[in-house]
Structure formats: C-alpha cells, structure tokens
Amino acid sequence: VNLDTILKCHLYLGSASHIYLRCGKKFRVKSFSELTKKVSTMNCWESWFHNNTTINDNTSVEFQIRVTSYKSKLIHTKAIAQRIQNGIIKALEKVTTTTQQKSTSNESKSNKTIITIPILARLDRDIIQLSIDTSPTPMHQRGYKFETGKAPLREDIA
C-alpha cells in the first residue's frame with residue numbers, strides 16, 4: 001500500500017469511519033519485554049515514518065496508542081501502550097544515522113510543531129495486531145459541504 005492508495009481511499013470511501021493500515025503480521029506475546037522486543041524488530045516503522053514524515057529540529061512526534069485487550073495475559077492497557085511506544089522509539093533509533101544531531105537548545109514548546117500519530121493495538125488471546133490510523137478524525141466529521149442550503153423535501157416526507 002502506498003500513499004496514493006490511502007489518499008484515494010479517504011477521498012472515495014463514503015461508508016468508512018476510519019482507515020487503518022496494518023503494521024506487519026499478527027504475533028504472539030506473553031510478556032511486556034517480549035512485546036517491546038517484537039515491536040522494535042518490525043520493519044514497518046522505518047518505512048512509514050522516515051519516508052513519509054519530514055522531521056526537523058522544530059518537530060516533535062507523539063504516538064497516541066489505543067489498546068484493547070481480550071483474554072490475554074497482558075491486561076494493563078496503559079502498560080501495553082507504553083511498551084509499544086518504547087519499541088517504536090527503539091526501532092526508529094536504529095535507523096537514524098549518527099550525522100543527525102539532537103537539538104540541545106532550550107527553545108519554548110510553542111515554537112515546535114507536534115505530529116500526533118494514532119496507533120491501534122488489538123490484543124486477543126495473546127496475539128497482537130498493530131495498525132496505524134490514517135484518519136485521526138472520523139470521516140463523517142470532515143465537513144466537505146461548505147455551502148448548505150434548505151433541503152428541497154422535508155425529512156419526514158422523504
């Protein structure tokens with residue numbers, strides 16, 4: 001799946017509320033350390049975030065991770081979200097080159113651009129599936145009709 005396909009889906013799919021892009025295959029996890037290790041070895045993070053996101057010194061990336069857990073050994077959803085975030089950060093640190101220097105200046109946070117990336121994690125019977133939400137706001141709330149007028153028929157007649 002490339003960026004053009006995702007944009008066409010957003011434009012032409014009328015019934016979808018969200019479009020999720022699956023990250024890799026499902027895998028089994030039994031502990032938090034295993035979860036962090038397996039998330040950091042997934043190859044989808046570097047291909048999506050380094051190729052499609054321009055990050056400079058004035059940009060900060062935040063991950064908004066929503067977790068559901070059903071009949072799994074890992075039930076604490078906030079701890080699962082934290083381990084997934086740690087794994088993603090670890091995977092992205094492997095890819096960054098040593099020529100990129102981290103900014104050490106004391107700039108105010110108001111000057112920084114914050115990119116929020118929503119991720120959905122479904123954990124079902126110790127098998128986890130990670131997905132990136134490509135439509136952070138529900139698609140029915142997009143507001144594509146800018147000029148609305150009075151309807152030609154009343155709703156109770158139609």
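The analysis underlying the following values was restricted to heavy atoms, covering all of them including side chains, and did not include hydrogens, waters or symmetry mates.
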Next item on the list: Using the side chain to side chain contact (heavy atoms under 4.5 Å, CB included) rule, take Ile6 and Asp4 through it: C-alpha gap first, then chi angles, then the decisive distance, then the call.
Entry: CA-CA 5 Å; Ile6 293 172; Asp4 291 334; over 6 Å; no

Margin query: Show, in sequence, the C-alpha distance, side-chain angles and deciding distance for Ile132 and Cys23, and conclude whether the side chain to side chain contact (heavy atoms under 4.5 Å, CB included) test is met.
Written below: CA-CA 7 Å; Ile132 299 171; Cys23 298; 3.4 Å; yes

Margin query: Walk me through whether Ile119 and Ile117 qualify under side chain to side chain contact (heavy atoms under 4.5 Å, CB included).
Written below: CA-CA 6 Å; Ile119 296 175; Ile117 300 171; 4.3 Å; yes

Next item on the list: Report the C-alpha distance between Ile128 and Lys26 in whole Å, list the side-chain angles of each, state the deciding distance to 0.1 Å, and finish with yes or no for side chain to side chain contact (heavy atoms under 4.5 Å, CB included).
Entry: CA-CA 6 Å; Ile128 191 165; Lys26 297 178 182 179; over 6 Å; no

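Taking OG from Ser69 and CG from Leu74, the interatomic distance works out to 7.0 Å, rounded to the nearest 0.5 Å. Rounding to the nearest 0.5 Å places OG1 of Thr36 at 11.0 Å from CD of Gln85. Separation of atoms OG1 (Thr77) and CD1 (Ile65) is listed at 11.5 Å; rounding is to 0.5 Å. With rounding to the nearest 0.5 angstrom, the CZ atom of Arg122 is 6.5 Å from the CZ atom of Arg22. Lys73 NZ to Arg28 CZ: the interatomic distance, rounded to the nearest 0.5 Å, is 10.0 Å. Taking CD of Gln129 as the reference point, atom NZ of Lys25 lies at 11.0 Å (rounded to 0.5 Å).
Note on Tyr20: it does not cluster hydrophobically with Val67, by side-chain heavy-atom contacts below 4.5 Å among ILVMFWY residues. Residues Val39 and Phe32 fall within the same hydrophobic cluster, defined by Ile, Leu, Val, Met, Phe, Trp and Tyr side chains chained together at heavy-atom separations under 4.5 Å. Each of Leu35 and Leu120 belongs to its own hydrophobic cluster when Ile, Leu, Val, Met, Phe, Trp and Tyr are linked at side-chain heavy-atom distances under 4.5 angstrom.
Judged purely by atom type and a 3.5 angstrom limit, Ser40 has no side-chain atom pairing as donor or acceptor with the backbone of Lys90. Judged purely by atom type and a 3.5 angstrom limit, Ser135 uses its side chain to pair as donor or acceptor with the backbone of Ile19.
Of all heavy-atom pairs between His76 and Ala79, the closest is ND1-N, 3.0 Å. In plain terms, the two heavy atoms of Ile75 and Ser72 that are nearest each other are CG2-O, 3.2 Å. The minimum heavy-atom distance linking Leu130 with Ala121 is given by the pair CD2-CB, 3.4 Å. Nearest heavy atoms, Val29 versus Lys38: CG1-CD, 4.3 Å.
In the displayed structure, Gln64 atom CD is contacted under 6.0 Å by at most 12 heavy atoms of other residues, nucleotides or ligands. For CD1 of Ile127, the number of neighbouring non-hydrogen atoms (other residues, nucleotides, ligands) closer than 6.0 Å is greater than 12.
Using a 4.0 Å cut-off between charged side-chain N and carboxylate O, Asp126 and Lys30 make a salt bridge.
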